[in-house]
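Along the sequence shown, the residues carry numbers beginning at 1.
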Amino acid sequence: QSGDAKLILQVFAGYSGASCNEELPLLNQKLTQQLKGKSKLLDSRVYVVAGPNWSKATQEVADRYGKELGLTEFSMYTDNRCQGEYRKYYPGSSCLVPATVLLRPNGEIVDIYDPGVLNMDEFLARIQELISE
């Protein structure tokens, strides 16, 4: 991802989570369609919090997950059992996924969404608005 990003999108997902597996390809498709030439303004990341059977996700597992779901717009990372990144935004929560956070590149939090499936149209309109500022 490039240094041109105006916004960082972090999505937390579990490998065997049905709603994650449904939401991520759809989100990827909508980002591709709607951002077109602006996609470099959005640094999109998926943090894989668990591998198959909710076991530990390695970088290899995260990369494979991204490939399986066709996540061309995302960089894949691991944040096992929600140990690092997730806890910053959802302290005390028991790692509910999918969960989504929007940040500025300087780390300033823009929006933290409740875990669960997003309202895609609303969410994409918000991303468009933020990267067009």
Side-chain angles (χ1 to χ4, degrees):
Q1 306 277 351
S2 70
D4 301 335
K6 289 177 92 173
L7 192 64
I8 297 171
L9 160 61
Q10 294 189 343
V11 182
F12 297 90
Y15 200 106
S16 33
S19 45
C20 299
N21 298 347
E22 232 166 81
E23 178 173 283
L24 283 167
L26 184 61
L27 183 55
N28 190 82
Q29 181 191 356
K30 287 188 177 284
L31 289 173
T32 307
Q33 289 167 348
Q34 295 185 24
L35 295 183
K36 296 184 179 80
K38 290 185 182 168
S39 64
K40 67 180 188 306
L41 299 176
L42 183 67
D43 177 350
S44 307
R45 306 171 180 189
V46 170
Y47 287 86
V48 183
V49 300
N53 310 318
W54 295 98
S55 59
K56 193 173 185 319
T58 58
Q59 189 57 50
E60 190 186 345
V61 164
D63 293 339
R64 189 173 84 216
Y65 184 47
K67 230 178 240 126
E68 282 173 10
L69 294 183
L71 303 183
T72 52
E73 295 293 319
F74 291 90
S75 299
M76 304 300 292
Y77 296 87
T78 56
D79 187 29
N80 274 309
R81 307 261 180 210
C82 297
Q83 286 176 7
E85 287 296 303
Y86 183 95
R87 287 234 179 346
K88 290 183 198 170
Y89 313 109
Y90 303 95
S93 156
S94 61
C95 197
L96 298 164
V97 293
T100 306
V101 177
L102 290 172
L103 308 164
R104 300 266 180 226
N106 67 5
E108 178 198 337
I109 297 168
V110 181
D111 290 315
I112 297 178
Y113 293 84
D114 289 337
V117 175
L118 295 166
N119 174 325
M120 285 288 168
D121 296 332
E122 224 171 77
F123 182 64
L124 281 140
R126 178 72 173 137
I127 287 176
Q128 294 273 28
E129 172 197 324
L130 289 162
I131 61 176
S132 299
E133 282 175 353

| Is any NZ, NE, NH1 or NH2 atom of the basic residue among R87 and D79 found under 4.0 Å from an Asp or Glu carboxylate oxygen of the other? |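 Result for this pair is no, no salt bridge flagged.
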How many angstroms lie between atom [atom1] of [X] and atom [atom2] of [Y], to the nearest 0.5 angstrom?
X   : Y    : atom1 : atom2 : answer
D63 : E68  : CG    : CD    : 11.5 Å
Y90 : L96  : OH    : CG    : 9.5 Å
Q83 : C95  : CD    : SG    : 9.5 Å
L41 : I127 : CG    : CD1   : 11.5 Å
R81 : S55  : CZ    : OG    : 7.0 Å
K6  : R104 : NZ    : CZ    : 8.5 Å

Given 3.5 Å as the limit, does a donor-acceptor pair link the side chain of [X] with the main chain of [Y], or not?
X    : Y    : value
E85  : T78  : no
Y77  : A62  : no
N28  : G70  : yes
S132 : Q128 : yes

| request: Please step through side-chain hydrogen bond (donor to acceptor under 3.5 Å, both in side chains) for the pair S16 and N53, ending with a clear verdict. | output: CA-CA 6 Å; S16 33; N53 310 318; 5.6 Å; no
Validation row: [X], [Y] side chains within 4.5 angstrom (heavy atoms):
X   : Y    : result
V49 : W54  : yes
V46 : L69  : no
L31 : L124 : yes

| message | Surrounding CG of D114 (heavy atoms of other residues, nucleotides or ligands, distance under 6.0 Å), is the total greater than 12? | response |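 No, not enclosed.
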| task | Look at atom CD of E60 and say whether more than 12 heavy atoms of other residues, nucleotides or ligands are closer to it than 6.0 Å. | result |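 Count not over threshold, so no.
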| task | Among R45, Q10, K88, find the one that has a side chain to side chain contact (heavy atoms under 4.5 Å, CB included) with L103. | result |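 That would be Q10; it is the only one of R45, Q10, K88 passing the side chain to side chain contact (heavy atoms under 4.5 Å, CB included) with L103.
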| query | Which one of V101, L102, I8 satisfies the side chain to side chain contact (heavy atoms under 4.5 Å, CB included) criterion with V110? | reply | L102
| request: Evaluate the ring planes of F12 and Y89, with Trp represented by its six-membered ring, and classify them as parallel (under 30°), tilted (30 to 60°) or perpendicular (over 60°). | output: tilted
How far apart are the closest heavy atoms of [X] and [Y], and which atoms are they?
X    : Y    : answer
V117 : S19  : CG2-CB, 3.8 Å
D43  : A5   : CB-CB, 3.8 Å
E23  : L118 : OE1-N, 2.8 Å
C20  : G14  : SG-N, 3.5 Å
P52  : V61  : CD-CG1, 4.0 Å
A99  : Y86  : CB-CE1, 3.8 Å

| task | Start with the C-alpha distance between T100 and L27, add both sets of side-chain angles, then the distance that settles side chain to side chain contact (heavy atoms under 4.5 Å, CB included), and finish with yes or no. | result | CA-CA 11 Å; T100 306; L27 183 55; 5.8 Å; no
